[in-house]
Amino acid sequence: MAGESGPWSLVSYSSVVQQIHHRINHWYLQNSRDLPWRREGVGGWEVMVSEFMLQQTPVVRVLPVWEEWMRRWPRPQDLAAEPLSEALKAWGRLGYPRRAQRLHAAAVEITTEYNGEVPRTEEALRALPGVGDYTAAAIACFAFGEPTVVVDTNIRRVHARLFGGMALPEPSPRASEFARAKDVQPADRAAANLWNVSVMELGALVCTARSPKCDACPVFEQCAWIAAGQPAPHYTPKGQAWKGTDRQVRGAIMAVLREHDHPVPQDSFLSDLGRQSHATYVALEKLQSESSQRERALAGLLKDGLAVLEDDGVRLPS
DNA sequence: CATTCGTGGGG
DNA sequence: TCCCCAAGAAT
């Protein structure tokens with residue numbers, strides 16, 4: 001495979017790889033979760049919304065919000081007809097509200113440029129706001145059966161272990177990983193489709209980042225990481241800073257704005273303490289004590305178009 | 001290429 | 001309790 005020597009070189013379609021295909025696909029058919037966006041008859045819009053929500057957010061937290069969005073906005077036009085503020089409110093506490101902003105913008109673009117039909121090609125999808133390499137490949141594959149090369153964090157981890165013999169993939173995706181994923185993917189269209197979702201599911205349920213369930217793995221015998229004696233990661237992931245960051249304050253401000261239909265005076269953020277979660281309460285105390293950070297965080301939200309400044313306060317964008 | 005950007009459940 | 005990190009994208 002590209003950029004790699006060793007036992008897997010030039011043997012992508014060897015019997016071993018075909019056996020891996022069969023084992024992981026079979027495992028998937030027996031063990032996959034019954035997720036609503038995977039059910040029969042689900043269209044591009046449903047898959048697209050799920051993919052946006054699943055960007056850096058666990059499935060269990062997405063499920064109820066996705067159900068509500070599908071009930072309320074069954075088509076892109078339905079969301080596009082609503083002001084951005086409604087999308088931000090319905091996004092709730094999923095996190096990264098810019099995803100809701102970009103999904104709303106994508107719905108508008110689909111409505112105006114594609115007559116309300118989610119585009120089927122990876123290229124067209126990739127041009128939509130909030131759609132990167134992974135999401136474009138995922139929608140094309142899962143919704144429309146395109147044999148795209150899907151590379152998400154789960155697939156990267158499975159490939160790093162199974163084929164690379166490493167505990168974890170590199171911190172940031174490399175071109176060589178895409179090349180390897182393309183190389184080990186079945187040529188057949190339907191087979192590639194099943195393979196993509198199967199490897200992803202294996203990574204989500206068995207080949208997890210922490211304490212992988214190797215005793216339940218269908219390709220334990222083929223795994224290069226197991227064969228190498230399960231070596232430890234060659235780097236230490238650097239944690240995501242949170243306490244005292246602008247992100248925390250931005251989240252607190254957004255939590256307040258979501259609960260108001262009218263502009264909220266900046267000096268009255270603290271008046272809503274009673275209705276906030278503990279996390280928001282803590283963040284709001286910071287809003288009070290560190291005005292410079294509050295101003296910086298608010299400026300960021302205004303710049304990002306997630307909040308609007310009026311004469312009488314701050315509100316969500318309409 | 002490194003940073004920034006939310007949230008909350010589980011190890 | 002604390003820390004990890006989860007179907008990433010944009011800059």
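Below, chain A is the first sequence line, B the second, and so on; all start at residue 1.
- Nearer the 5' end of DNA chain B, as judged by each residue's closest nucleotide, is the contact made by A/Arg174, out of A/Pro58 and A/Arg174.
- Considering only side-chain N and O atoms, A/Arg98 lies nowhere under 4.0 angstrom from the phosphate OP1 or OP2 of B/dG6.
- Within 6.0 Å of NE2 on A/His234 lie more than 12 heavy atoms contributed by other residues, nucleotides or ligands.
- In this structure, A/Lys238 reaches the B/dT3 phosphate: one of its side-chain N or O atoms is under 4.0 Å from OP1 or OP2.
- Using a 4.0 Å heavy-atom cutoff across all strands shown, A/Asp304 reaches no nucleic acid atom at all.
- For A/Thr135, a side-chain nitrogen or oxygen approaches OP1 or OP2 of C/dA9 to under 4.0 Å.
- Contacts of A/Ile155 with the nucleic acid, taken as non-hydrogen atoms under 4.0 Å apart, are absent.
- No side-chain donor-acceptor contact under 3.5 Å links A/Gln55 and A/Tyr134.
- Using a 4.0 Å heavy-atom cutoff across all strands shown, A/Arg156 reaches no nucleic acid atom at all.
- A/Phe52 has its CZ atom 17 Å from the C1' atom of C/dA6, to the nearest Å.
- Residue A/Trp91 is classed as having no contact, given no heavy-atom separation below 4.0 Å to the nucleic acid.
- Atom CE of A/Met53 is separated from atom P of B/dG6 by 16 Å (rounded to the nearest Å).
- Using a 4.0 Å heavy-atom distance criterion, A/Gly132 is classed as a sugar-phosphate-only contact.
- Remark: the A/Ser32 side chain and the A/Arg38 side chain contain no N/O donor-acceptor pair separated by less than 3.5 Å.
- Nucleic acid contact for A/Val131: sugar-phosphate only, since backbone atoms but no base atoms lie under 4.0 Å from a heavy atom of the residue.
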**Request:** Kindly determine whether A/Leu316 and A/Leu84 satisfy side-chain contact (heavy atoms from CB on, under 4.5 Å), including the steps that lead there.
**Result:** CA-CA 8 Å; A/Leu316 294 176; A/Leu84 174 57; over 6 Å; no
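- Between the side chain of A/Thr57 and the base of B/dG8, no donor-acceptor pair of N or O atoms lies under 3.5 Å.
- Among the heavy atoms of the strands lying under 4.0 Å from A/Pro129 are primed sugar atoms or P, OP1, OP2 only; no base atom is included.
- Between A/Arg99 and B/dT4 there is no side-chain polar atom (N or O) within less than 4.0 angstrom of OP1 or OP2.
- Using a 4.0 Å heavy-atom criterion, one finds that A/Leu35 contacts the bases of the nucleic acid, with or without backbone contacts as well.
- Across C/dA6, B/dT7, C/dA10, the shortest atom-to-atom separation from the side chain of A/Arg157 is found for C/dA6.
- Atom pair A/Tyr96:OH and C/dA7:P shows a separation of 13 Å (rounding to whole Å applied).
- Dashed line: the shortest gap from a side-chain N or O of A/Arg61 to OP1 or OP2 of C/dA6 is not under 4.0 Å.
- Between A/Tyr134 atom OH and C/dA7 atom P the separation is 9 Å, expressed in whole Å.
- Closest to the A/Arg247 side chain, of the nucleotides B/dG8, B/dG6, C/dA7, is B/dG6.
- Heavy-atom neighbours of A/Lys303 NZ from other residues, nucleotides or ligands within 6.0 Å: at or below the threshold of 12.
- A donor-acceptor contact under 3.5 angstrom links the side-chain atoms of A/Gln240 to the base of C/dA6.
- Distances shorter than 4.0 Å separate none of the side-chain N or O atoms of A/Thr153 from OP1 or OP2 on C/dA7.
- More than 12 heavy atoms of other shown residues, nucleotides or ligands fall within 6.0 angstrom of atom CG in A/Asp312.
- Going from atom CG of A/Leu88 over to atom P of B/dT7 covers 12 Å, rounded to whole Å.
- Below the 3.5 angstrom threshold, one finds no donor paired with an acceptor across the side chain of A/Arg210 and the base of B/dG11.
- Within the 4.5 Å cutoff, no side-chain heavy atoms of A/Phe52 are placed close to those of A/Thr57.
- Using a 4.0 Å heavy-atom cutoff across all strands shown, A/Ala209 reaches sugar-phosphate atoms only and no base atom.
- Where A/Gln56 and A/Pro237 meet DNA chain C, the nucleotide closest to each residue was compared, and A/Pro237 sits on the side nearer the 5' end.
- Going from atom CH2 of A/Trp195 over to atom C1' of C/dA7 covers 17 Å, rounded to whole Å.
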